[in-house]
Amino acid sequence: MSLELPDLPYAYDALTPYMSAETLRLHHDKHHLAYVNNGTALLEKSELKSETLENIMLASFDNGNVGPLFNNVAQHWNHIKFWEWMKPNGGGNIPGNLEAKLTADFGSIEEFKTQFIQTGVTQFGSGWCWLILTSSGKLSVTNTPNAINPIANGSGIPILGCDVWEHSYYVDYRNVRPDYVKAFIDSMVNWEKVAEILEQAL
Ligand code: MN3
């Protein structure tokens, strides 16, 4: 598996005013590229280099005792998905099947959003917050530190994820992480993509 930086699926200024072109240039062209370059250099020396991205994450997770190979490869996976989980004019209407499942498992869309934002805000330090499909077939929200994701720790299938590292919001929101996660869920999420991932997971 060679690691390649994907193009952003939209223009750098496509998510304004919720996420600026400056943030996307730094985040995609510098941070994501660094994970690709560092992961590539580490994979060259690894016996895992011909494995799939998911297998490399699983094999290098080591029960949470993660090293540089896991961190860079998992961050590569996390960011490929993160770019796809957003779109211009995002947020808004949630497709019927996903809306019904969220309502069934959280009680209401508002309750889901409240829990997702709270889960993002309470991740101490760098990390991610997630909507996952658990092994019991229910949607749930969870957070993870640093590069760890639900595939690696086995908590569920990631349906949606939000990067809550400071590099994701500090240019636009400074220290106010709650406003960023709220803007993500209300105005940036590509719900059609999320619904598609849920259908595949079910
Ligand atoms: Mn990031």
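Everything numeric in this text was worked out from a predicted model, so none of it was measured. Computed over heavy atoms, backbone and side chain alike; hydrogens, waters and symmetry mates excluded. Both counts, for ligands and for their atoms, begin at 1 and track the order of listing.
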- [ ] For the residue pair Asp172 and Thr23, confirm or rule out a side-chain donor-acceptor distance under 3.5 Å.
- [x] yes
Task: Ionic contact status for Lys87 with Glu192, cut-off 4.0 Å - done: yes
- [ ] Could you tell me which residues satisfy ring pair (Phe, Tyr, Trp, His ring centres under 6.0 Å) with Trp130, sequence neighbours excluded, listed by chain and number?
- [x] Trp128
- [ ] Mind checking ring pair (Phe, Tyr, Trp, His ring centres under 6.0 Å) for His27 and listing every partner two or more places apart, or none if nothing turns up?
- [x] His79, Phe82, Trp83, His167
- [ ] With 2.8 Å as the limit, jot down which protein N, O or S atoms are around the Mn ion (ligand 1).
- [x] His27 NE2, His79 NE2, Asp163 OD2, His167 NE2
Open item on the list: According to salt bridge (Lys or Arg N to Asp or Glu O under 4.0 Å), who are the partners of Asp186, at least two apart in sequence or on a separate chain?
Closed with: Lys113, Lys182
Task: Under-4.0 Å salt bridge between Lys193 and Glu196 - done: yes
